[in-house]
Visitor: 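Let me give you the structure first, and then I'll get to my questions.
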Amino acid sequence: MGAHGGGLGEPVDNWIKKLLVGVAAAYIGLVVLVPFLNVFVQAFAKGIIPFLEHCADPDFLHALKMTLMLAFVTVPLNTVFGTVAAINLTRNEFPGKVFLMSLLDLPFSISPVVTGLMLTLLYGRTGWFAALLRETGINVVFAFTGMALATMFVTLPFVVRELIPILENMDLSQEEAARTLGANDWQVFWNVTLPNIRWGLLYGVILCNARAMGEFGAVSVISGNIIGRTQTLTLFVESAYKEYNTEAAFAAAVLLSALALGTLWIKDKVEEAAAAESRK
């Protein structure tokens, strides 16, 4: 975790380095900063009152609620899964381990739209699990359940991939000493393992939460983007913009941007705390 926080570098003391820094800053400004600031300019172009009116719209509030609910459901589940998976993958050797670790990266390499399509084909009316779902009365496609499954899929690797390098480099002598003193597996995890991985775990949770709130492709396909029912903030932005309701679209974009800024702020604080601890 300390590596994320940066460190001492070489001084920019010649024209080549200054040129490279300038090009990098200009590129980031044009690609990231200018579009980001433009969202705020467009959202408040007619003043704060129209912005607040759009934020009070029932469809807007429902989209916000769905976004927060998805994060509330998927982040804890993937946190538990990621922690358990990382510990078992690093502490055990078994056939197919390399293949299983490669599967964890599948959500990174596959298009979210394809993910939504796969889930729709599996859980739709003609899907593999259609008969079982009809018998149980569970709706997956065009429902919150399917949106949660899609979000869980795309956010699955973040926690486990943050923890695996930490656990691989961790000294196991403390865990062995705790077991020698009579501690059970839960006590070893809570009192020894968790304190050693807490910064990586928190960093993975932050990334997982950011991805969950910003997911678009997979959720768009399986939810059907039904206004007032299965629409998240990202889907609200698209539908509002397509309907030429640009002010509402930019209002939702501002809220998503604010959530992103909050996530970045928390991430920076975690990195600072981890770096400060590593220097002790």
Visitor: Is a donor on one side and an acceptor on the other found under 3.5 Å between the side chain of Thr155 and the backbone of Ala212?
Guide: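 Side chain of Thr155 to backbone of Ala212: no pair is present.
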Visitor: Specify the closest pair of heavy atoms between Asn169 and Pro165, including all atoms of both residues, with the distance to one decimal.
Guide: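 Minimum heavy-atom separation between Asn169 and Pro165: ND2-O, 3.0 Å.
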Visitor: Would you say Asp57 and Leu61 make side-chain contact, with heavy atoms under 4.5 Å?
Guide: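 When only atoms from C-beta onward are counted, Leu61 and Asp57 do not touch, as no gap falls below 4.5 Å.
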Visitor: Apply side-chain contact (heavy atoms from CB on, under 4.5 Å) to the pair Val159 and Leu201, showing each step before the final yes or no.
Guide: CA-CA 6 Å; Val159 173; Leu201 178 61; 3.8 Å; yes
Visitor: Looking only at heavy atoms, which two atoms of His54 and Ala251 are closest? And how far apart?
Guide: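 It is CB-CB, 4.0 Å.
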Visitor: Rounded to the nearest 0.5 Å, what separation is found between the OG atom of Ser257 and the CG atom of Leu37?
Guide: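 It comes to 10.0 Å.
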Visitor: Can you tell me how far the CG atom of Leu89 sits from the CG atom of Leu163, to the nearest 0.5 Å?
Guide: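 That separation rounds to 11.0 Å.
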Visitor: What pairs of residues pass the ring-ring contact (aromatic ring centres under 6.0 Å, His included) test when at least one of them lies in residues 143-176, not counting sequence neighbours?
Guide: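 Checked against ring-ring contact (aromatic ring centres under 6.0 Å, His included) - neighbours excluded - the pairs reaching residues 143-176 are Phe108-Phe158.
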Visitor: About how many Å separate CG of Leu259 and CG of Leu233, when rounded to the nearest 0.5 Å?
Guide: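 These two atoms lie 7.5 Å from each other.
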Visitor: With hydrophobic residues grouped by side-chain heavy-atom distances under 4.5 Å, do Val113 and Met147 end up in a single group?
Guide: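 No: no chain of side-chain contacts under 4.5 Å links Val113 to Met147.
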Visitor: Can you establish whether the number of heavy atoms outside Arg229 located under 6.0 Å from its atom CZ is more than 12?
Guide: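 No, CZ of Arg229 has 12 or fewer neighbouring heavy atoms, counting only those of other groups under 6.0 Å.
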Visitor: Are Val41 and Val34 co-members of a hydrophobic cluster defined by side-chain heavy atoms under 4.5 Å apart?
Guide: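 Different hydrophobic clusters.
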Visitor: Kindly write out the residues that satisfy salt bridge (Lys or Arg N to Asp or Glu O under 4.0 Å) with Glu238, not counting sequence neighbours, or none if the list is empty.
Guide: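 Salt bridge (Lys or Arg N to Asp or Glu O under 4.0 Å) check on Glu238 returns Lys242.
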Visitor: Please check this pair: side chain of Gln187 against backbone of Asn184, looking for a donor-acceptor N/O pair closer than 3.5 Å.
Guide: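 Answer holds: yes.
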Visitor: Is Phe142 reachable from Leu133 through a run of hydrophobic residues whose side-chain heavy atoms are each under 4.5 Å from the next?
Guide: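 Yes, one cluster joins them.
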Visitor: Let me check something: do Leu64 and Leu256 share a hydrophobic cluster, defined by ILVMFWY side-chain heavy atoms less than 4.5 Å apart, either directly or through other members?
Guide: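 Yes, same cluster.
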Visitor: Tell me who clusters with Leu121, hydrophobic residues only, linked when side chains sit under 4.5 Å apart either directly or through other members.
Guide: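 Listed partners: Leu117.
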Visitor: Could you tell me whether the side chain of Arg179 and the main chain of Glu176 form a donor-acceptor pair under 3.5 Å?
Guide: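 Answer holds: no.
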Visitor: Check the surroundings of atom CD in Gln42: do more than 12 heavy atoms from other residues, nucleotides or ligands lie under 6.0 Å from it?
Guide: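 Counting neighbours around CD of Gln42, more than 12 heavy atoms of other residues, nucleotides or ligands fall under 6.0 Å, so yes.
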Visitor: State which residue, out of Thr263, Thr234, Thr74, fulfils the side-chain contact (heavy atoms from CB on, under 4.5 Å) condition with Met213.
Guide: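 Of Thr263, Thr234, Thr74, side-chain contact (heavy atoms from CB on, under 4.5 Å) with Met213 is met by Thr263 alone.
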Visitor: I need the full list of salt bridge (charged side-chain N to carboxylate O under 4.0 Å, His left out) pairs touching residues 125-135, with sequence neighbours left out, sorted by first then second residue.
Guide: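 For residues 125-135, and leaving out neighbouring residues, there are no salt bridge (charged side-chain N to carboxylate O under 4.0 Å, His left out) pairs at all.
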Visitor: Does any non-hydrogen side-chain atom of Phe36 lie less than 4.5 Å from one of Leu261?
Guide: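 A side-chain contact exists here, since the closest heavy-atom pair is under 4.5 Å.
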Visitor: Using the rule that Ile, Leu, Val, Met, Phe, Trp and Tyr join whenever any side-chain heavy atoms are under 4.5 Å apart, tell me whether Val32 and Val21 fall into a single cluster.
Guide: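 Result: no, two separate clusters.
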Visitor: Which residue pairs pass the ring-ring contact (aromatic ring centres under 6.0 Å, His included) test with at least one member in residues 234-280, sequence neighbours excluded?
Guide: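 Counting only pairs at least two positions apart or across chains, the ring-ring contact (aromatic ring centres under 6.0 Å, His included) contacts touching residues 234-280 are Phe60-Phe236.
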Visitor: Could you walk me through whether Val219 and Leu235 satisfy the side-chain contact (heavy atoms from CB on, under 4.5 Å) test, starting with their C-alpha distance in whole Å, then the side-chain angles of each, then the deciding distance to 0.1 Å, before giving a yes or no?
Guide: CA-CA 8 Å; Val219 171; Leu235 302 181; 3.9 Å; yes
Visitor: Please give me the minimum heavy-atom distance between Val237 and Ala253, naming the atom from each residue.
Guide: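 Answer, listing the atom of Val237 first, then Ala253: CG2-N, 3.9 Å.
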Visitor: Begin with the C-alpha distance, continue with both residues' side-chain angles, and end with the deciding distance and a verdict on side-chain contact (heavy atoms from CB on, under 4.5 Å) for Glu271 and Asp268.
Guide: CA-CA 5 Å; Glu271 290 174 349; Asp268 287 341; 3.7 Å; yes
Visitor: With the threshold set at 4.0 Å, does a side-chain nitrogen-carboxylate oxygen contact exist between Lys267 and Glu272?
Guide: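 No, this pair does not count.
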Visitor: CG/Leu167 to OG1/Thr83 distance, rounded to the nearest 0.5 angstrom?
Guide: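 Leu167 CG to Thr83 OG1: 9.0 Å, rounded to 0.5 Å.
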Visitor: Any ring-ring contact (aromatic ring centres under 6.0 Å, His included) involving residues 112-136? Give me the pairs, sequence neighbours left out, ordered by first then second residue.
Guide: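 Applying ring-ring contact (aromatic ring centres under 6.0 Å, His included) to every pair that reaches into residues 112-136, excluding sequence neighbours, yields Tyr123-Phe129.
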Visitor: Please determine, by modelled atom types, if Asn225 and Ser223 share a side-chain donor-acceptor pair under 3.5 angstrom.
Guide: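 Absent: no donor and acceptor within the cut-off.
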Visitor: Apply side-chain contact (heavy atoms from CB on, under 4.5 Å) to the pair Ser102 and Asp105, showing each step before the final yes or no.
Guide: CA-CA 6 Å; Ser102 299; Asp105 293 330; 5.7 Å; no
Visitor: Parallel under 30°, tilted from 30 to 60°, perpendicular over 60°: which one fits the rings of Phe189 and Trp186?
Guide: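 The arrangement is tilted - the two ring planes meet at 30° to 60°.
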Visitor: Run through Ile206, Val80, Asn209 and flag the one making a side-chain contact (heavy atoms from CB on, under 4.5 Å) with Val75.
Guide: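 Answer after filtering Ile206, Val80, Asn209: Asn209.
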Visitor: More than 12 heavy atoms of other residues, nucleotides or ligands under 6.0 Å from NZ of Lys65: is that the case?
Guide: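 12 or below, so no.
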Visitor: In terms of heavy-atom contacts, does CZ of Phe99 have more than 12 from other residues, nucleotides or ligands at under 6.0 Å?
Guide: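 Atom CZ in Phe99 is not packed in, count stays at 12 or less.
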Visitor: With a 4.5 Å limit on heavy-atom distance, are the side chains of Glu247 and Lys46 in contact?
Guide: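 Counting from C-beta outward, Glu247 and Lys46 do come under 4.5 Å.
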Visitor: Side chains of Thr115 and Ile110: does their closest heavy-atom pair fall under 4.5 Å?
Guide: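 Counting from C-beta outward, Thr115 and Ile110 do come under 4.5 Å.
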Visitor: I need the Ile164 CD1 to Leu104 CG distance, nearest 0.5 Å.
Guide: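 If I round to the nearest 0.5 Å, the distance is 6.0 Å.
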Visitor: Taking all heavy atoms of Gly116 and all of Val221, pick out the closest pair and write down the distance.
Guide: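 It is C-CG1, 3.6 Å.
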Visitor: So which heavy atom on Thr90 is nearest to which on Ile87, and how close?
Guide: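 So the minimum-distance heavy-atom pair works out to OG1-O, 3.2 Å.
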Visitor: Could you tell me whether a side-chain N or O of Asp59 sits under 3.5 Å from a main-chain N or O of Ile227, the two making a donor and an acceptor?
Guide: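 A pair under 3.5 Å: no.
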Visitor: Tell me the closest heavy-atom pair linking Asn92 and Lys97, and the distance in Å.
Guide: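 Shortest heavy-atom separation between Asn92 and Lys97 comes out as O-NZ, 3.1 Å.
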Visitor: Would you find a donor on one side and an acceptor on the other, under 3.5 Å apart, between the side chain of Gln174 and the backbone of Ala177?
Guide: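 Side chain of Gln174 to backbone of Ala177, a donor-acceptor pair under 3.5 Å: no, none is there.
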Visitor: Quick one: OG1 on Thr230 to CD1 on Ile222, what's the gap to the nearest 0.5 Å?
Guide: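 So the OG1 of Thr230 and the CD1 of Ile222 are separated by 10.5 Å.
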Visitor: Should Glu175 and Arg91 be marked as a salt bridge (charged side-chain N to carboxylate O under 4.0 Å, His left out) after you check the CA-CA gap, both sets of side-chain angles, and the distance that decides it?
Guide: CA-CA 11 Å; Glu175 293 183 359; Arg91 296 290 188 267; 3.0 Å; yes
